[in-house]
Amino acid sequence: MKTKVISVNREALKDGALLEAAQVLRDGGLVAFPTETVYGLGANALDGQAASRIYAAKGRPSDNPLIIHISKKSDLDQLVETIPETGRKLMDAYWPGPLTMIFAKSSVVPYATTGGLDTVAVRMPDDAVAARLIELSQVPVAAPSANTSGRPSPTAAEHVYQDMDGRIEIIVDGGPVGIGVESTIVDVTEEIPMLLRPGAVTLEMLCRIVGQVEIDPAIAGPVQAGIKPKAPGMKYRHYAPKAELTLVEDRDWNGGPVSINVVNTIRNLVSWSGDKGRKAGIICTDETKNLYPDSAVIRSLGQRNREETIAHNLFGILREFDSLDVDTIYSESFWGENLGQAIMNRLTKAAGYHIMKV
Ligand code: AMP
Ligand code: MG
């Protein structure tokens, strides 16, 4: 299959190019498109066959459900059995935006879209290109991240092209995304909502609207054998770079700059790897990038106190490391007040929970 790339101009967004992509979606084809979080790989969510093609293109396990994207709040009604009070409040507060909610699904949503579950994940993206494309397609659009399963999520159209060329009909190139980590996921089917995946809508922002929120244990650590995480995607190794990744974390970090302990540990690890003939990469920030030896491939995520920049650059740099010749990567940790939870959730998963506390 030949994959067509359609570039759109955000400053003067016209329907012209999007109409073709919308038609492809309506006809059961696959279209990758930008959202404010990461690029999504879209198909008609109400067409089981179209949704199945997403799994094939990504190499995604068929029990890992898709998120349905809608362009107006009223489109939710047909997809779900009921909208609980908590869900209603959260959607009033944060839609359109980087918040996905889990509801009991209605009969129009095929099991191919929900990975066999009786619940459905829905989100209304806050991106003009995504919103207009979905609106023009006149169908709800199932769209997981547009990467090959197991690779870092795409934050630019080039990343989608690397993974999906020849596998899908269209890539809509709307430039780099804004946030760079995937949406927050909250299950609102129980009385007390449960956070299943941290994102740009933080725990604190959720609690402010609905009071109490529980946290799925799968967020904090590896999923134990025999235990079924609520978000099936949590059991798969995600965002995995090809090189082995180790996170070095400050035991007593309290919001300030990274400690000299972390820097020295990474320096020692790099030199130890070098002795073993292994080339090392380092993920750090502008403040520390000059403290590391030139023998390593050094990449800065930006200024440490700019959480948005760190989140925005994270997946691109993990992806870049895949094309560089490194055997092992050492990364500083990036706890922060807002996006910190989401950043560290993705990084610890990428590291396969390989964390050194110093
Ligand atoms: P992605 O869009 O690639 O980030 O993947 C979608 C994420 O949403 C995965 O982690 C899924 O496990 C999760 N998800 C989708 N639908 C449901 C659902 N019905 N219940 C729980 N988690 C879901
Ligand atoms: Mg994904």
Side-chain angles (χ1 to χ4, degrees), residues 30 32-43 45 51 54-70 76 79-81 84 87 98-106 109-125 127 130 140-155 159-160 163-164 168 177 179-190 193-201 214-219 223 227-240 311 314-315 318-319 342 345-346 349-350:
L30 300 183
F33 59 95
T35 79
E36 78 276 34
T37 57
V38 299
Y39 270 74
L41 176 53
I54 292 180
Y55 291 89
K58 281 178 62 83
R60 181 175 175 108
S62 60
D63 67 346
N64 191 359
L66 311 174
I67 294 173
I68 301 186
H69 293 64
I70 56 177
L76 180 64
L79 303 174
V80 303
E81 279 284 294
L99 175 66
T100 296
M101 281 186 278
I102 311 289
F103 302 90
K105 83 171 192 71
S106 74
V109 180
Y111 283 113
T113 297
T114 67
L117 298 176
D118 288 315
T119 52
V120 63
V122 189
R123 173 167 110 81
M124 179 176 169
D127 177 288
V141 176
S145 51
N147 51 289
T148 301
S149 202
R151 294 207 72 203
S153 295
T155 52
H159 303 160
V160 182
D163 286 11
M164 292 298 151
I168 66 177
V177 301
I179 296 172
V181 291
E182 307 86 343
S183 60
T184 305
I185 304 182
V186 181
D187 183 346
V188 293
T189 60
E190 304 286 339
M194 183 181 276
L195 179 66
L196 305 186
R197 178 172 77 184
V201 173
E214 287 179 355
I215 302 175
D216 183 4
I219 287 177
V223 176
I227 292 190
K228 251 188 169 175
K230 292 203 82 178
M234 293 300 248
K235 71 172 175 279
Y236 297 107
R237 186 168 176 223
H238 254 191
Y239 328 114
L314 179 65
F315 285 141
L318 286 177
R319 220 166 234 280
N345 171 262
R346 307 316 190 265
K349 285 177 87 178

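When a ligand or atom number is given, it counts from 1 through the structure's own listing order. Predicted model only: the values in this text are computed from it and were never measured.
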*Least distance between heavy atoms, V38 atom then S153 atom*: CG1-CB, 3.9 Å

*asked:* Give me the atom names and distance for the closest heavy-atom approach of K105 to V109.
replied: NZ-O, 2.7 Å

*Are S183 and T37 linked by a side-chain donor-acceptor pair shorter than 3.5 Å?*
no

_Between R197 and T100, a side-chain donor and acceptor under 3.5 Å_ = no

*asked:* Check for me whether R60 has a heavy atom closer than 4.0 Å to any atom of ligand 1.
replied: yes

_I'd like to know whether ligand 1 has T114 as a neighbour, heavy-atom separation below 4.0 Å._
no

*asked:* The test is side-chain contact (heavy atoms from CB on, under 4.5 Å); show your working for V181 and N345 and say whether it passes.
replied: CA-CA 10 Å; V181 291; N345 171 262; over 6 Å; no

Give the atom numbers and elements of ligand 1 that come within less than 4.0 Å of a heavy atom of [X].
{"X": "I185", "value": "7 (C), 8 (O), 13 (C)"}
{"X": "L117", "value": "18 (C), 19 (N), 20 (N)"}
{"X": "N64", "value": "9 (C), 11 (C), 12 (O)"}
{"X": "I67", "value": "2 (O), 6 (C), 8 (O)"}
{"X": "S145", "value": "1 (P), 2 (O), 3 (O)"}
{"X": "A121", "value": "15 (C), 16 (N), 17 (C)"}
{"X": "I102", "value": "17 (C), 18 (C), 19 (N), 20 (N), 21 (C), 22 (N), 23 (C)"}

With a 4.5 Å heavy-atom cut-off, do [X] and [Y] have their side chains touching?
{"X": "L66", "Y": "R60", "result": "yes"}
{"X": "N147", "Y": "F315", "result": "no"}
{"X": "L30", "Y": "I54", "result": "yes"}

*Working for salt bridge (charged side-chain N to carboxylate O under 4.0 Å, His left out), residues E36 and R123*: CA-CA 12 Å; E36 78 276 34; R123 173 167 110 81; 2.9 Å; yes

*Using 2.8 Å as a strict upper limit, say whether an N, O or S atom of S153 approaches the Mg ion (ligand 2) that closely.*
no

*Taking non-hydrogen atoms only, is T119 closer than 4.0 angstrom to ligand 1 via side chain, backbone, both or neither?*
both

*asked:* Check this for me - ligand 1, R197, N or O atoms closer than 3.5 angstrom, yes or no?
replied: yes

*Do any nitrogen or oxygen atoms of K58 come within less than 3.5 Å of a nitrogen or oxygen of ligand 1?*
no

*Would you indicate which of P65, P144, S153 comes nearest to atom 17 (C) of ligand 1 when only heavy atoms are counted?*
P65

